[in-house]
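Letters A, B, ... are given to chains in the order of the sequence lines, protein chains preceding strands, and every chain is numbered from 1. This one's a predicted model, so the numbers in the text were calculated from it and none came from an experiment.
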Number of protein chains: 4
Amino acid sequence: MAHHGNRHGRSEEARRAVLRAADDLLVEKGFAGVTIEGIAAAAGVAKQTIYRWWGSKTDILLDTFLEDAARDLASQEHGTLAEDLRAYLRQLADFLTGNDAGAVFRALIGHAQHDAVFAETLRTHYLDEQRQRDRAPLDRAIARGELPKDLDIPAAVDMLVGPVYHRVLMTGDPVDDAFIGEVVEHFVKR
Amino acid sequence: MAHHGNRHGRSEEARRAVLRAADDLLVEKGFAGVTIEGIAAAAGVAKQTIYRWWGSKTDILLDTFLEDAARDLASQEHGTLAEDLRAYLRQLADFLTGNDAGAVFRALIGHAQHDAVFAETLRTHYLDEQRQRDRAPLDRAIARGELPKDLDIPAAVDMLVGPVYHRVLMTGDPVDDAFIGEVVEHFVKR
Amino acid sequence: MAHHGNRHGRSEEARRAVLRAADDLLVEKGFAGVTIEGIAAAAGVAKQTIYRWWGSKTDILLDTFLEDAARDLASQEHGTLAEDLRAYLRQLADFLTGNDAGAVFRALIGHAQHDAVFAETLRTHYLDEQRQRDRAPLDRAIARGELPKDLDIPAAVDMLVGPVYHRVLMTGDPVDDAFIGEVVEHFVKR
Amino acid sequence: MAHHGNRHGRSEEARRAVLRAADDLLVEKGFAGVTIEGIAAAAGVAKQTIYRWWGSKTDILLDTFLEDAARDLASQEHGTLAEDLRAYLRQLADFLTGNDAGAVFRALIGHAQHDAVFAETLRTHYLDEQRQRDRAPLDRAIARGELPKDLDIPAAVDMLVGPVYHRVLMTGDPVDDAFIGEVVEHFVKR
DNA sequence: ACTTAAACGAGACGGTACGTCGTGTCTTGCG
DNA sequence: CGCAAGACACGACGTACCGTCTCGTTTAAGT
């Protein structure tokens, strides 16, 4: 390990080690296995260093998560509403159910149910952007004239992604292409 | 307090006190404020008595929850699919966002994201019945000929309740009648 | 097992089983391994039956012990003071250091250091008789004229048995015949 | 309270508070009243801090005891064997029967009867030094020519202190000057 | 180069809760 | 009416983490 502190600003090395350790612990041992002490030990970092930069273990996981989300959920254009939606929902479902980012997402959304303050944090740092991503295919379709200008976009978003979240968070049913197809087909045929 | 144990099994008195205490603590202090020690103290019960009959605090909350769910989610018939669905989704949304049963629900579904074993328990003890309740309006509509016999019921259920769960668990947006109306209208107009 | 209670008095069977179980547990697992629950389980007896007849685990051990002590410490006459003393101290040392009665004795005398009430119980039920046994050789010697009539018998007893107890309870040194010989010789040569 | 831990090892403040609390509890409530929880509460210390430095409550009491023993049992020279012995046995008896160090001693020697591992610890940390103190008057007498060079010192020590321990640990009889006088007189007149 | 101050690894501290064990009390139904 | 069975309230156990607090070291910016 290189340096042990310096006068101006935090150690990027320590930051990466913490994020990495938190992620690893979550995947290996589950949410209950993620502890500040465990992260500190695994990252070779002092607890105080963690407390200096983060407020809780979920703050750490959120940091990890945000990087992944921006990378994995970039919307791609496919020309038609149906194609756009199918591609986006596929991408979203894969993200939410994935072993890495998905596991972190489920941990965070689970914790948000237990902690209203964190729920607000999550909304500010993630959900607001996420809703932009969710509506992007609809915005494009409106621009193309495929959808009416007065569409209730938030409601439409809920109707599209809601079924996916329901399977991921509640039932555990697989989100296969057939299901996505039904959802999209039903939405488009309006 | 009357008796302190007998050979014919558990004390109903203690059981009720524990469920009540767990519920109260959840509402007053949130999920983190629900501890076995706290429940025991509030219920006037020994920790060992809790561990004798429940495996964890979420098992206790699940017990509380199951009684409420059966009571509050009984499906009522209103004659038409649209009316049935509107009534049911309204009832469901009220249940999920409520201060009592809703709080317990959100705690449980949140914990299920953190603990795969508990997720399975929750599925077995709650979700399987819940899906029967969710599909009841559709089953009746099929019987009446309002919906085709070959409808993909699970997918249809996801499209109906998914948007509600998305608002409750993710966005925190209110589930008002207008929204329910849109969801139902969109579903029925197929 | 024969009966489960009867209308006329306690079960001798249960009593023997309890004493035996307590003794066995002490030898196998040491004093900390002797618990009322353990005794009850090992004896196939209900805890309540134990509490009905004994006040504590040391009371049970005391019961066991008293039977052994009366049997193993009966004084024998050998004709001369020196021989009598040598024989008695040998017998005493063997008793105190033995694996069965000795273990119980050490447990009891140990507990007496921790509990003044039990110390008094032990004095009443054991020590008073024991002192009679201790002084018997001296009484006989006085009767034979080998020792003066005005001998301070309690002090003399302390000087004879004290060294033995010191080795048993404090130092753990072996109480061999040579040592007993020295003690007796020194006492007799007065 | 000032500091709460630092990298240079333990808090002397916490250590003193624990020893003091253990001692106080023993005197006030007896051995059974000495619990780790009680000590921690009385000392204003966390249980973990106790477990970090001591293995059991008897280890704590032993620590207390060792400081007292070294202080209170220093041998003093009085010129003759008889005087030396009388003074030393008086000092020893006072120490063993005292309300402070004596109570701790009796608790420890009692526990040693219940726990062979602790008995060994007690021997290593206390008894070995104590035997040096016990024999000091005899060593001096041999140096002065008052006692033969080939004296069996361990046996002689047992004969001198054994009667005292017998009274303290077994009979509870008072160890008065008359008794000490008899023991010494009998020993010296050889 | 020399001082200085922030960030660091380390780890002891006062706490809270955990899940377990044993206590002594009770209630029930059998023999 | 004594007994086996066993549930109960209680208290302590020893452990795991929490978040806070020194401590002495490392490092780069500002003398």
Side-chain angles (χ1 to χ4, degrees), chain A residues 1-11 13-14 32 34-41 43-53 55-57, chain B residues 1-11 13-14 32 34-38 40-41 43-53 55-57, chain C residues 1-11 13-14 32 34-38 40-41 43-53 55-57, chain D residues 1-11 13-14 32 35-38 40-41 43-53 55-57:
Chain A
M1 175 81 44
H3 83 147
H4 281 228
N6 67 62
R7 177 168 189 176
H8 301 289
R10 71 195 288 187
S11 159
E13 215 166 345
V34 181
T35 64
I36 300 285
E37 299 222 322
I39 294 169
V45 144
K47 281 165 66 180
Q48 187 56 51
T49 298
I50 296 180
Y51 284 110
R52 190 158 20 234
W53 303 110
S56 65
K57 67 178 185 176
Chain B
M1 180 153 309
H3 90 146
H4 285 227
N6 64 60
R7 88 174 286 188
H8 303 299
R10 69 197 291 187
S11 158
E13 216 164 343
V34 181
T35 64
I36 300 286
E37 299 224 320
V45 141
K47 278 165 67 179
Q48 186 55 53
T49 298
I50 296 180
Y51 284 111
R52 188 157 23 234
W53 304 111
S56 64
K57 68 179 185 175
Chain C
M1 175 78 45
H3 81 150
H4 281 229
N6 69 60
R7 199 162 172 166
H8 305 290
R10 79 193 280 190
S11 160
E13 215 165 346
V34 181
T35 65
I36 299 286
E37 299 220 321
V45 144
K47 280 164 66 180
Q48 187 56 50
T49 299
I50 296 179
Y51 283 111
R52 190 154 25 231
W53 304 110
S56 66
K57 67 179 186 175
Chain D
M1 182 152 313
H3 90 147
H4 285 226
N6 64 60
R7 83 175 293 188
H8 305 298
R10 70 196 292 187
S11 158
E13 217 166 342
T35 65
I36 300 285
E37 298 223 320
V45 143
K47 279 165 67 180
Q48 188 55 53
T49 298
I50 297 181
Y51 284 111
R52 188 153 31 229
W53 304 112
S56 66
K57 67 178 185 175

Asks: Between B:Thr35 and B:Lys57, is there a side-chain heavy-atom distance shorter than 4.5 Å?
Replies: no
Asks: Rounded to whole Å, how long is the line connecting atom CD of C:Glu13 with atom C1' of F:dC3?
Replies: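 That distance rounds to 11 Å.
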Asks: Take atom CD1 of C:Ile50 and atom C1' of F:dG2, then tell me their distance rounded to the nearest Å.
Replies: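 After rounding, the gap between these two atoms is 14 Å.
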Asks: Are D:Thr49 and E:dG14 close enough that a side-chain N or O sits under 4.0 Å from OP1 or OP2?
Replies: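 For D:Thr49, the contact criterion (side-chain N or O under 4.0 Å from OP1 or OP2 of E:dG14) is met.
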Asks: Tell me, please, which residues at least two apart from C:Gln48 pass side-chain hydrogen bond (donor to acceptor under 3.5 Å, both in side chains).
Replies: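 side-chain hydrogen bond (donor to acceptor under 3.5 Å, both in side chains) list for C:Gln48, sorted by chain: empty.
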Asks: Indicate the atoms forming the closest heavy-atom contact of A:Ser56 with A:Ile36, along with that distance.
Replies: C-CD1, 4.4 Å
Asks: Rounding to a whole Å, what distance do you find between A:Arg10:CZ and F:dA28:P?
Replies: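 Rounding to the nearest Å, CZ of A:Arg10 and P of F:dA28 are 17 Å apart.
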Asks: If you look at every heavy atom in C:Ala46 and C:Ala40, which pair is closest and at what distance?
Replies: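 So the two residues come closest at C-CB, 4.3 Å.
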Asks: Can you tell me if B:Trp53 touches the phosphate of F:dC8, counting only side-chain N or O atoms and a distance under 4.0 Å to OP1 or OP2?
Replies: yes
Asks: Name the residue closer to the 5' end of DNA chain F, choosing between C:Arg52 and B:Arg52 according to the nucleotide with the nearest heavy atom.
Replies: C:Arg52
Asks: Output one letter per nucleotide in nucleotides 11-18 of chain F: B when a protein non-hydrogen atom lies under 4.0 Å from the base, S when only the sugar-phosphate is that close, - when neither is.
Replies: -SBBB-SB
Asks: With sequence neighbours left out, what residues match D:Lys47 under side-chain hydrogen bond (donor to acceptor under 3.5 Å, both in side chains)?
Replies: D:Glu37
